[in-house]
Amino acid sequence: MGQGDERRRDAERTRREILDVATREFADRGYDGARVDEIAERTRTTKRMIYYYFGGKRQLYVEVLERAYARIRAAEHQLNLDHLPPAEAIRRLAEITFDHHEANPDFIRLVCIENIHRGEHIAQLDSLAALNSPAIKLIEQILKRGRAEGMFRDDVDAFDVHLAISAYCFFRIANRYTLTAIFERDPVDPARRGHYRRLLGDMIVSHLLVGGSEQ
């Protein structure tokens with residue numbers, strides 16, 4: 001391996017480490033509260049180096065958001081759903097969203113923070129449409145197969161299905177502490193994880209099926 005390849009690998013590793021620490025910093029403190037100095041200290045690099053790689057705090061935050069969304073889309077992309085019956089395919093898609101959101105609470109916090117800023121930063125992403133349109137297309141393909149088989153209703157929009165899945169998975173994590181305080185039931189209780197995961201799939205499939213129940 002040449003020196004150029006080694007330098008490139010070092011640069012990629014450094015960028016990845018900065019993004020990892022920046023993700024936690026922005027998720028914990030928000031955009032306004034996060035400090036580049038703190039990110040630099042925790043990555044054992046310099047503020048100047050962070051600016052060299054990313055251009056500034058805003059650009060770093062935007063790249064953190066881009067990577068966060070890219071990861072959930074990558075998880076969806078890796079699914080091989082074509083061999084599954086439509087009802088099982090949509091259930092599996094709902095389950096992967098459930099699993100991702102539970103395993104990545106920083107993603108939930110970042111989305112909450114960005115909504116506080118009214119989408120100001122994520123709107124700057126040139127890759128935004130490319131990142132998120134595949135999620136809708138995947139659902140559209142499943143719905144099309146289900147309709148062709150006479151299994152799914154023909155009056156359901158793919159975005160609505162995406163919204164329903166995301167809302168359930170997001171709310172469960174984002175509102176964990178308030179729900180626990182109010183109702184004294186933790187929606188992330190490991191003992192009830194399987195129940196909540198099945199409930200999501202049941203609701204989505206039942207909504208889509210002609211007649212409203214799985215055959």
Side-chain angles (χ1 to χ4, degrees), residues 15-16 19-20 22-24 26-27 61-115 119 121-149 151-176 187-188 193-209 214:
R15 281 180 56 87
R16 186 168 59 251
L19 284 170
D20 288 343
T23 295
R24 292 190 291 272
F26 284 122
Y61 176 66
V62 168
E63 193 153 342
V64 164
L65 287 174
E66 181 176 29
R67 189 177 70 155
Y69 275 94
R71 284 179 167 175
I72 177 61
R73 299 289 85 91
E76 294 166 348
H77 181 71
Q78 290 172 5
L79 289 172
N80 181 13
L81 302 177
D82 291 343
H83 70 289
L84 294 176
E88 290 184 34
I90 201 69
R91 182 184 291 274
R92 184 72 188 102
L93 180 60
E95 290 171 348
I96 199 67
T97 306
F98 182 99
D99 295 341
H100 172 273
H101 284 22
E102 181 177 80
N104 295 275
D106 282 350
F107 171 75
I108 303 300
R109 287 191 285 268
L110 286 169
V111 174
C112 289
I113 290 162
E114 185 57 12
N115 275 284
H121 306 95
I122 199 170
Q124 299 175 23
L125 278 176
D126 293 333
S127 62
L128 188 59
L131 274 176
N132 291 293
S133 61
I136 302 301
K137 289 180 179 178
L138 179 58
I139 296 174
E140 287 175 342
Q141 291 168 0
I142 298 171
L143 294 180
K144 184 177 180 179
R145 288 201 291 124
R147 289 165 183 153
E149 295 180 18
M151 179 182 295
F152 286 169
R153 296 162 45 187
D154 60 6
D155 61 344
V156 179
D157 181 76
F159 174 77
D160 292 342
V161 176
H162 174 74
L163 182 62
I165 293 171
S166 297
Y168 181 99
C169 297
F170 190 94
F171 190 89
R172 174 175 169 265
I173 304 300
N175 292 52
R176 174 185 185 180
V188 192
R193 182 180 190 275
H195 163 75
Y196 290 126
R197 198 170 185 261
R198 286 190 300 273
L199 177 60
L200 168 63
D202 290 345
M203 289 190 298
I204 298 301
V205 171
S206 294
H207 177 64
L208 293 176
L209 290 175
E214 197 160 0

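Computed from a prediction, not measured in an experiment: that's the story for all the values here.
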Exercise. Any idea how His100 and Phe107 line up, ring-wise: parallel (<30°), tilted (30 to 60°), or perpendicular (>60°)?
Worked result: perpendicular

Seminar exercise, completed: Rounded to the nearest 0.5 angstrom, the CD1-SG distance for Ile72 and Cys169 is 8.5 Å

Exercise. Hey, what do you get for CG (Asp157) to NE2 (His162), rounding to the nearest 0.5 Å?
Worked result: 11.5 Å

For this session: For Val205 and Ala87, work out which heavy atoms get closest and say how close.
Result: CG2-O, 3.6 Å

Exercise. Does the side chain of Arg91 reach to within under 4.5 Å of the side chain of Ile204, using non-hydrogen atoms?
Worked result: no

For this session: Check step by step if side chain to side chain contact (heavy atoms under 4.5 Å, CB included) holds for Gln141 and Lys144.
Result: CA-CA 5 Å; Gln141 291 168 0; Lys144 184 177 180 179; 5.7 Å; no

Seminar exercise, completed: Closest heavy-atom pair, His121 versus Leu65, reported as atoms and distance to 0.1 Å, is CB-CD1, 4.1 Å

Exercise. Do Arg197 and Asp99 come within less than 4.5 Å of each other through their side chains, counting heavy atoms only?
Worked result: yes

For this session: First locate atom CD1 of Ile90, then atom CD1 of Ile165, and finally report the distance between them rounded to the nearest 0.5 Å.
Result: 5.0 Å

Seminar exercise, completed: Between the CE atom in Met151 and the CG atom in Leu208, the distance rounded to the nearest 0.5 Å is 10.5 Å

Exercise. Does any N or O in the side chain of Tyr168 come within less than 3.5 Å of the main-chain N or O of Tyr196, such that one atom is a donor and the other an acceptor?
Worked result: yes

Problem set entry | Over all atoms of both residues, closest heavy-atom pair of Ala94 and Leu200 | O-CD2, 3.4 Å

Problem set entry | Reported NE2-to-CD distance for the pair His83 and Glu88, which is rounded to 0.5 angstrom | 8.5 Å

Exercise. What is the minimum heavy-atom distance between Arg147 and Phe152, and which atoms define it?
Worked result: CG-O, 3.7 Å

Problem set entry | Side-chain touch Ile122/Tyr69, heavy atoms, less than 4.5 angstrom | yes

Seminar exercise, completed: Rounding to 0.5 Å, atoms CD (Glu63) and CG (Leu19) come to a distance of 5.0 Å

For this session: Determine, stepwise, if the pair Arg67 / Thr23 fulfils side chain to side chain contact (heavy atoms under 4.5 Å, CB included).
Result: CA-CA 9 Å; Arg67 189 177 70 155; Thr23 295; 3.5 Å; yes

Problem set entry | Check: Met203 and Leu199 side chains under 4.5 Å, non-hydrogen atoms | yes

Exercise. Which pair of heavy atoms, one from Ala68 and one from Leu110, lies closest together, and at what distance?
Worked result: CB-CD1, 4.2 Å

Problem set entry | Beyond-backbone contact of Pro86 with Glu149, side-chain heavy atoms, under 4.5 angstrom | yes

For this session: Answer yes or no: is there a donor N or O on one side and an acceptor on the other, between the side chain of Arg153 and the main chain of His207, under 3.5 Å?
Result: yes

Exercise. So do the side chains of Phe26 and Asp106 get within less than 4.5 Å of each other, counting heavy atoms only?
Worked result: no

For this session: Determine, for Glu140 against Lys137, whether the closest basic-nitrogen to carboxylate-oxygen distance falls under 4.0 angstrom.
Result: no

Exercise. Side chains of Phe170 and Val111: does their closest heavy-atom pair fall under 4.5 Å?
Worked result: yes

Exercise. Going by an N to O cut-off under 4.0 Å, is there a salt bridge joining Glu102 and Arg193?
Worked result: yes

For this session: Compare all side-chain heavy atoms of Leu138 with those of Leu81 and state whether any distance is below 4.5 angstrom.
Result: yes

